[in-house]
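Structure, as structure tokens:
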Amino acid sequence: MQVMFTRREPPQWLLDMWKEIDDKTFGKGFDCFAEDAVCNLGVADWKGREAIRANLKAFIDTGFTALHHVTEYWDAGSLKVFCGIVDMTPDDRSAATVHPTMTHFFYMDEKDDTKVRRWVGAVGPVAFG
């Protein structure tokens, strides 16, 4: 199987999801996920849209604010690839803000290509940011 990628502007659903995380609102931006979506961020293995939402909220609530920046977005139809940088600013202002790189793969749902079925991604390590 051969896949052809096209570099595009990031879609609104992706920007909306990052905004929900950055604003710590975790609302409708997560509707881009299928109800039974799977998320593998690093060692995480979260199953279901609500588990993804709840676990990301719990992670963000550990004491920092994130600000995501899209640097590249590639579209191959059922597979989307996003690269970027996230500013992670600790609530403790005596600690430094870090800027790790991110790479994420979004596999779209076969029945509804407006929904993400599987999200695989990695951030960091923050020690290099």
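Just so it is clear, the structure is predicted and the values come from calculations on it, not from any experiment.
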Could you state whether Ile60 and Val123 fall into the same hydrophobic cluster, counting links through intermediate Ile, Leu, Val, Met, Phe, Trp or Tyr residues with side-chain heavy atoms under 4.5 angstrom apart?
yes

Is the closest side-chain heavy-atom distance between Asp45 and Val38 below 4.5 Å?
yes

Can you confirm whether Thr97 sits close enough to Pro90 that some side-chain heavy atom of one is under 4.5 Å from a side-chain heavy atom of the other?
yes

What side-chain donor-acceptor pairs closer than 3.5 Å can you find for residues 2-15, not counting sequence neighbours?
from  : atom 1 : to    : atom 2 : distance (Å)
Arg7  : NH2    : Thr71 : O      : 3.0
Gln12 : NE2    : Asp16 : OD1    : 2.7

Please tell me if the side chains of Glu35 and Glu50 come closer than 4.5 Å, counting only heavy atoms from C-beta onward.
no

Measuring from Phe82:CZ to Trp119:CH2, what's the distance to the nearest 0.5 Å?
9.0 Å

Check whether any side-chain heavy atom of His69 lies under 4.5 Å from a side-chain heavy atom of Asp87, and answer yes or no.
yes

Student check: side-chain heavy atoms of Lys80 and Met108 closer than 4.5 Å:
yes

Using the rule given for salt bridge (charged side-chain N to carboxylate O under 4.0 Å, His left out), can you reason through Lys24 versus Asp22, listing the C-alpha separation, both sets of side-chain angles and the distance that settles it, and then say yes or no?
CA-CA 5 Å; Lys24 300 184 178 185; Asp22 294 348; over 6 Å; no

Can you confirm whether Leu67 sits close enough to Met88 that some side-chain heavy atom of one is under 4.5 Å from a side-chain heavy atom of the other?
no

Kindly check if the number of other-residue, nucleotide or ligand heavy atoms within 6.0 Å of CZ (Phe64) is above 12?
yes

Trp18 side chain to Glu20 side chain, donor-acceptor N/O pair below 3.5 angstrom:
no

Distance (rounded to the nearest 0.5 Å) between Trp46 CH2 and Ile52 CD1
8.0 Å

Is Leu79 close to Trp74 at the side-chain level, that is, under 4.5 Å between some pair of heavy atoms?
no

Against Phe106, only a single residue in Asp75, Val120, Val116 fulfils side-chain contact (heavy atoms from CB on, under 4.5 Å); can you say which?
Val116

Show your working on side-chain hydrogen bond (donor to acceptor under 3.5 Å, both in side chains) between Asp92 and Ser94 and close with a plain yes or no.
CA-CA 5 Å; Asp92 175 359; Ser94 67; 2.6 Å; yes

Sorted by first residue and then second, give each salt bridge (Lys or Arg N to Asp or Glu O under 4.0 Å) pair with at least one member in residues 97-112; sequence neighbours left out.
Asp109-Arg117

Side chain to side chain contact (heavy atoms under 4.5 Å, CB included) against Asp61, all qualifying residues, sequence neighbours excluded
Lys57

Hey, quick one: are Leu56 and Val98 part of the same hydrophobic cluster, counting side-chain heavy atoms closer than 4.5 Å, chains of contacts allowed?
yes

Taking Val81 as the starting point, is it possible to reach Tyr107 by hopping between hydrophobic residues whose side chains are less than 4.5 Å apart?
yes

Please lay out, stage by stage, how Met102 and Ile85 fare under the test side chain to side chain contact (heavy atoms under 4.5 Å, CB included).
CA-CA 6 Å; Met102 310 178 289; Ile85 297 170; 5.8 Å; no

I'd like to check Asp31 versus Arg49 (side-chain heavy atoms, cut-off strictly below 4.5 Å). Are they in contact?
yes

dist Lys115:NZ -> Cys32:SG (nearest 0.5 Å) comes out at 7.5 Å

